[in-house]
Structure formats: C-alpha cells, structure tokens
2 protein chains.
Amino acid sequence: MREWDAYDRKLLALLQEDALATAEDLARDVALSPSAIARRIRRMREDGTIVADRAVVSERIGPFLSAMVDIQLDRHALAPVGQLLSRLEARPEVQVVLEVAGPFDLLLLVVVPDMDAFNAFADSALADDPAVRRYETRFVKKRRKFTTAWPLDLAK
Amino acid sequence: MREWDAYDRKLLALLQEDALATAEDLARDVALSPSAIARRIRRMREDGTIVADRAVVSERIGPFLSAMVDIQLDRHALAPVGQLLSRLEARPEVQVVLEVAGPFDLLLLVVVPDMDAFNAFADSALADDPAVRRYETRFVKKRRKFTTAWPLDLAK
DNA sequence: GTTGAAACTTAGTTTCC
DNA sequence: GGAAACTAAGTTTCAAC
C-alpha cells in the first residue's frame with residue numbers, strides 16, 4: 001500500500017471528527033480542489049485506510065450499564081484462549097477487547113441494559129470458560145470520553 | 001425529546017455499522033420508504049440522537065503505543081479533579097476516560113507514537129497533578145475489538 | 001403528525017486536459 | 001491535480017392517510 005502524505009493525514013484527521021464532511025467543506029482546511037479531495041477519500045475507503053464510518057449514538061438511547069472486566073487466563077491451553085477471544089469479539093455487548101501486559105491478560109468493556117444482564121453475560125461468557133482462570137469487574141460510573149480517533153497530529 | 005420506535009432503533013443499529021449507507025440501502029432492512037428513512041435520520045442527527053459520524057482509521061496509520069492507565073485520585077479537593085478531567089479530555093492522545101468504582105477512580109486509554117511520547121505524556125499530564133495520588137500503567141499488546149456501537153438489540 | 005412519490009438541489013463520480 | 005459534465009443521493013413539497 002502506498003504511503004500517506006500530509007494531505008491524506010489531514011483529511012483523515014478531519015474525517016475522524018466528521019465522516020459526513022463534504023469535499024467542499026474539507027477544501028477549506030486542505031489546500032486541494034474538491035475533486036482531488038473526493039478522489040483521495042474514495043481511495044482510502046477502498047484500500048482499507050478508512051476501515052469504517054460509524055454513527056455515534058447518544059448514551060440516551062440506553063439506559064446502559066458499563067463494566068470493565070479484567071481477565072486472567074489459563075495460559076496452558078492455546079486453543080481455548082482463541083475460542084474465548086472469538087466468542088467475546090462476536091458479542092455485541094462487548095465494545096472493547098484488549099490484550100494487555102501485567103497480571104491480567106485481557107481487558108473488556110462490556111455494556112448491558114442492567115445488572116441482571118451483566119450477571120447473565122458473566123455467567124454465559126466467562127464463568128465456565130476453560131480459558132478463564134479468574135476475572136474482576138469494575139463498574140463504570142461515568143463515561144467522560146470515548147472516541148476511536150487516533151491522534152494523527154502526533155503520529156510518526 | 002420524542003421516544004424512539006422500532007424503526008429508529010433499527011436505523012441506528014444499521015448506521016452504527018455504516019454511517020454512509022444510503023436511504024435506499026437501508027430500505028432493504030427497514031420497512032419504510034427511502035424518504036421516510038432519510039427524514040428520520042436527518043431528525044436524529046439534528047436532535048442529538050446521533051452525536052457524530054466518524055471515520056474509523058486503520059491502525060496501520062500508526063505505529064502507535066496504547067496504554068491503560070489506572071488513576072487513584074486525591075479526593076480531598078474537588079476543583080483540581082475537575083481541572084484534571086478537563087485537561088485529560090482535551091488531549092487528543094486520550095481516547096477513553098472512564099470514572100470507575102473500586103480502588104482506582106479513573107481509567108484512561110492513552111495512545112501515543114512511542115514509549116518516549118508516553119513518558120512525556122505521563123510527566124506532563126499526570127506526574128505533578130495535585131489531583132493524582134498515584135497511577136498504574138498497563139501497556140496494550142493487541143487491540144482485538146474497539147467499537148463505539150451500543151448493543152441496541154439488547155437495550156431496554 | 002407521518003408517510004410516500006415527485007420535483008428539486010446538492011454532493012460524489014467520471015472524463016478530459 | 002483541477003474543471004466540467006454526469007450521476008446519484010439527500011431535501012423539499014405536497015397529497016393522502
């Protein structure tokens with residue numbers, strides 16, 4: 001894949017904030033014509049530089065209960081761990097799955113309608129899993145910030 | 001604000017996956033005409049049901065180093081905590097800020113170009129802050145899943 | 001008050017230089 | 001890459017329910 005120049009990076013930074021910005025809008029911040037801008041964006045969507053464009057829905061659509069779950073794995077078996085990861089990623093209530101360094105191996109952000117649903121999730125997705133040695137839950141009191149935007153001004 | 005009916009919820013679920021889907025596309029999954037669909041979406045963008053539409057950029061744009069930072073606050077002063085939160089939220093390298101229950105008060109997901117940049121961040125944003133009692137860092141080995149989509153099929 | 005169809009307008013795509 | 005012609009999608013209007 002080709003590299004990204006300063007124009008591409010600027011366009012990506014702007015589209016991370018507003019994926020619906022028109023090429024004409026973007027031309028105010030990027031010194032290219034609307035057609036050149038549209039062409040670059042189209043190419044970046046095609047080649048996977050832009051993975052997806054997602055609407056961010058207000059938390060008011062809830063109510064939701066969010067929880068951070070730290071998981072310690074039983075590392076002796078590799079296959080069960082892969083299966084656990086696949087199942088967790090497939091769950092719509094799991095927004096985040098991170099492999100981390102330290103005493104815990106996996107970090108989850110789980111979002112469910114209420115505490116009953118959380119218990120149901122923990123029972124069905126974690127409790128009896130052979131790959132899970134133990135897990136700890138911390139409930140989220142407030143989401144202050146949650147964005148997928150990369151800090152492109154700082155990168156590289 | 002008005003409530004959301006089953007059509008709205010379905011549209012939101014679809015737009016969370018693809019914010020660029022056309023009204024005609026969506027009409028295949030929602031039993032409304034393209035004009036009714038376009039109208040509902042427009043209203044939900046205006047009234048704040050849809051907070052934003054963001055391009056998700058591939059991690060290949062990096063390289064990036066991500067870290068989870070658990071923060072324990074000095075709770076005695078409220079004002080410094082508010083200032084800390086404002087400053088953290090304003091930082092582009094901070095993707096996530098959660099207030100959580102338990103021994104730690106704040107949970108951050110920080111993304112930077114490299115370890116030097118992480119140390120610079122920790123020094124400038126955390127080390128000398130009067131609201132921060134202590135913090136612990138866990139580096140992210142791999143991002144398996146990271147989405148802002150709510151599980152709308154489960155909600156309510 | 002909301003739908004669906006048609007006219008209208010705006011934005012993206014293609015072609016050419 | 002930029003400009004113009006072309007195509008496609010969103011917006012507005014309006015009649016019907």
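A note on names: the letters A, B, ... follow the listed sequences, proteins ahead of strands, and every chain is numbered from 1.
- Look at CG on A:Asp18: it is 14 Å from C1' on C:dA11, rounded to the nearest Å.
- Among the atoms of the strands shown, only primed sugar atoms or phosphate atoms (P, OP1, OP2) are found under 4.0 Å from some heavy atom of A:Leu32.
- A:Ser58 is linked by a side chain to side chain donor-acceptor pair (under 3.5 Å) to nothing, counting only residues two or more places apart in sequence or in another chain.
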Next on the checklist: Return a single string for nucleotides 4-17 of chain D, one symbol per nucleotide in 5' to 3' order, where B is base contact, S is sugar-phosphate-only contact and - is none, cutoff 4.0 angstrom on heavy atoms.
Outcome noted: -----SSBSB----
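- As rounded to whole Å, 15 Å separates atom P of C:dG12 from atom CD of A:Glu46.
- For the salt bridge (Lys or Arg N to Asp or Glu O under 4.0 Å) test, residues two or more places apart in sequence or in another chain that qualify with B:Asp70 are A:Arg138, B:Arg138.
- A straight line from OH of B:Tyr7 to P of C:dT3 spans 8 Å, rounded to a whole angstrom.
- Cluster note: A:Phe146 groups with A:Met68, A:Val96, A:Leu98, A:Val100, A:Leu107, A:Leu109, A:Val140, B:Met68, B:Val96, B:Leu98, B:Val100, B:Leu107, B:Leu109, B:Val140, B:Phe146 through ILVMFWY side-chain heavy atoms spaced under 4.5 Å, whether in direct contact or through intervening members.
- Partners of B:Thr137 by side chain to side chain donor-acceptor pair (under 3.5 Å), not counting sequence neighbours: none found.
- Between B:Phe118 and B:Phe139, the ring planes lie perpendicular to each other; the angle is over 60°, past the 30° to 60° tilted range.
- Residue B:Ile37 contributes atom CD1, which lies 12 Å from atom P of C:dA5 at whole-angstrom precision.
- For the pair A:Leu15 CG and C:dG12 P, the computed distance is 10 Å after rounding to whole Å.
- Checking the phosphate oxygens (OP1, OP2) of D:dG1, a side-chain nitrogen or oxygen of A:Arg40 falls inside 4.0 Å.
- In this structure A:Arg134 satisfies the side-chain contact (heavy atoms from CB on, under 4.5 Å) test together with A:Gln72, A:Phe104, A:Glu136, sequence neighbours excluded.
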